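Keep in mind that what you see is a predicted model, and the values were worked out from it rather than measured. Every chain is numbered from 1 and lettered A, B, ... according to where its sequence line falls, protein lines coming before strand lines.
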Number of protein chains: 2
Amino acid sequence: MAGIKEVAERAGVSTATASRALSGRGHVSPAARERVLSAAKDLGYVMSYAASSLASGRSRTVGVIVPFINSWFFSELLEGITSALMSEGYDLSLYSFDRQGQRQRVLADYLLRKRLDAVVAASLRLDESELKQLLDVGKPIVEIGGLVPGVPSIHLDEHAVARFATEHLIGLGHRQIAHLGGTAETGPDYFPMSTDRREGFYAALRDAECEISPRWDLNADYTVADGYRKVKTLLAGPGPRPTALFCSSDAMAVGAILAARDLGFTVPGDLSVIGIDGNPIGEAVGLTTIAQFPARQGSQAAEILLEHLAAGERPMAPQSVVVETDFIVRSSTAVPASR
Amino acid sequence: MAGIKEVAERAGVSTATASRALSGRGHVSPAARERVLSAAKDLGYVMSYAASSLASGRSRTVGVIVPFINSWFFSELLEGITSALMSEGYDLSLYSFDRQGQRQRVLADYLLRKRLDAVVAASLRLDESELKQLLDVGKPIVEIGGLVPGVPSIHLDEHAVARFATEHLIGLGHRQIAHLGGTAETGPDYFPMSTDRREGFYAALRDAECEISPRWDLNADYTVADGYRKVKTLLAGPGPRPTALFCSSDAMAVGAILAARDLGFTVPGDLSVIGIDGNPIGEAVGLTTIAQFPARQGSQAAEILLEHLAAGERPMAPQSVVVETDFIVRSSTAVPASR
DNA sequence: CTGAAAGCGCTAACAT
DNA sequence: ATGTTAGCGCTTTCAG
């Protein structure tokens, strides 16, 4: 297998010039560059990343940490990050942990050493010392969907979005509105995702002086199945029923709609349902939702990092990007039936 | 930042011994090992993977190639691969391509060079020359869900599974059975996923001498939304309706059930529906399905690779593992209504 | 703009 | 069991 030495020889230049021509760093005469490039092509030259990385300190690899992969949001996110990274020739190293000392190992070993040029962390909860470590090492990092002081982040305005969704229901005339949020924690490693949404929801309720009932505050694990279960229990139970339901995710909202239908209720006739996400799964049940385009968030995060890496070593400005959302009105929300 | 040299010094041994103690390769006296390990801990030593990789030719990184990330099957797969890899301290490099020369670049640059120790390819269609390259380089590789001659693979017996599902419907008394398969291609890079399932379906139909109608042969893109659309068109259209429907994926089956319900049909009363996957999304609509546990497939693939890497360099035996499935009967299938 | 040469930090013979 | 030493293949000063 040909190395840079063979390429240089064939092109009649030194390995230094070959390296410069190949990497695009430093000046090389057009003629020399041309010869190097074609020599490389002739020989089927492929750079050794290990060697390059050892010598230069750059690895052309970005680490991505997610709480789990199999969820609509995070897999879309990954999709976006992957494509942004690949089109710049960067590698993506994927990490996901939720138990044991894996967290320590990943954060310490992988992030702190030359292995990674940058990190995108989704919902990752960094404590002070971890953050300090990362910043000390000078690794660019961006958070998606979580706030860590001092770290650039991309996220939606959870509070405002939840409030907006709730106000949509209120605007339609609903006063009895239930809340289906995410289960509190994904463990200590990651941010709970729906805390701010819950607050936005209640803020809207309070402003409109709607009744607030703890019986109408549900939590599920973000899946269709659990949303179905929890909402079925609520609707089938005794006591007054809400006329509308706010869900922290579309998947749970779909579960909720199916549960309502199974009990003989109509949506939106007997129950209006709104979700957050823009998960296509909602289409088939006509779910009204607020779309947040996670793939775009992912590629945006990657681009910020890539730009930073291209520009050089100055520390990252802790910018905070609030992503745009679309309000998608379908058929799951309507004015409440008059009683 | 401390290197192996400092660690060796502090432990009072040579770097060679330190290296051996740290990596576990070669013999080191318990005493020396102890001293090295504690010196490493004291200094917060973290190995440089670039250097290690350059010197040893091993990168402790496994490449994973998937057609896309955001689908239940592939993200479950990834989940399984990730956890198997992480628990052995391996890194996972994620690739996904569907256009441009990315394919070439990934296959040539990444797989052929020292960057990766092994590869798991999901549904990846390798042509002869690519395969030859990979085998020449001696990189262990396992395919999931696709057959490439000479490459070890993990997959279900698509034909048998589809046949089994179809025979379940036939066994209930159905004779008018429609087929909802996957759209033919994901591009030239990957295997179409449902070809064998389609054949198994028709084999069962032929054996039972059921009628076969091209009008009842649908294709969708594996999503709930598209399944919904296609089935709604079928059921709302003129002409005889099937009494049962076989779907190549649970997501499409869910779409089908929702479409049927929206048209006022009951499932399974007017239409029995069966899927393949074991996607939890089917739970909420009572979908009968054949579960295939992709996460398990992923970790199995990773374990095969890891074992091979641990054992040394002999070429991989092109074993072919057929994964187990579970038949999960819920409420979407029943005997046809007598007409 | 180009070349010579000194490493990057670790591993693996080889020798002891 | 341990130490010595020669690289792994590339990048990057530093001279020219």
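- Taking OG of B:Ser123 as the reference point, atom OH of B:Tyr190 lies at 9.0 Å (rounded to 0.5 Å).
- The separation between B:Arg115 atom CZ and D:dC10 atom C1' is 14 Å, rounded to whole Å.
- In the helix from C:dC1-D:dG16 to C:dT16-D:dA1, the rotation axis of the first five pairs and that of the last five pairs differ in direction by 20°, rounded to 10 degrees.
- Closest approach to the A:Leu54 side chain among D:dT4, D:dG9, C:dG3 is made by D:dG9 (side chain taken as heavy atoms from C-beta onward).
- Distance B:Glu34 CD to D:dA1 P: 16 Å, rounded to the nearest Å.
- Looking only at distances, a side-chain donor or acceptor of A:Gln297 sits under 3.5 Å from a matching main-chain atom of A:Gln292.
- Closest approach of B:Tyr45 to B:Ile4, counting heavy atoms only: CE1-N, 3.4 Å.
- Salt bridge absent: A:Asp117 and A:Lys139 never bring a charged side-chain N and a carboxylate O closer than 4.0 Å.
- When the side-chain nitrogen and oxygen atoms of A:Thr17 are compared with OP1 and OP2 of C:dG3, one or more of them lie within a distance under 4.0 Å.
- Taking atom NZ on A:Lys5 and atom C1' on D:dG7, their separation rounds to 11 Å, with Å as the unit.
- Atom C1' of nucleotide D:dG9 and atom CZ of A:Arg60 are separated by 17 Å, given to the nearest angstrom.
- With rounding to whole Å, A:Glu6 atom CD is found 9 Å from D:dG9 atom P.
- The minimum heavy-atom distance linking B:Thr61 with B:Tyr90 is given by the pair N-CD2, 3.8 Å.
- In this structure B:Glu34 satisfies the side-chain contact (heavy atoms from CB on, under 4.5 Å) test with no other residue, sequence neighbours excluded.
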Checklist line | Reading 5' to 3' through nucleotides 11-16 of chain C, protein heavy-atom contacts under 4.0 Å coded B for base, S for sugar-phosphate only, - for none | finding: SBB---
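- Between B:Ser14 and D:dG3, a side-chain N or O to OP1/OP2 separation shorter than 4.0 Å is present.
- A donor-acceptor pair is defined here as one N or O able to donate and one able to accept, closer than 3.5 Å; such a pair exists between the side chain of B:Ser23 and the backbone of B:Ser19.
- Counting only distance, with no hydrogens or angles, the side chain of B:Glu76 and the backbone of B:Pro294 share no donor-acceptor pair below 3.5 Å.
- Of the possible donor and acceptor atoms, one in the side chain of A:Ser56 sits under 3.5 Å from a partner among the backbone N and O of A:Ser52.
- Across the protein-nucleic acid pair, B:Leu43 atom CG and C:dG9 atom P stand 15 Å apart, rounded to whole Å.
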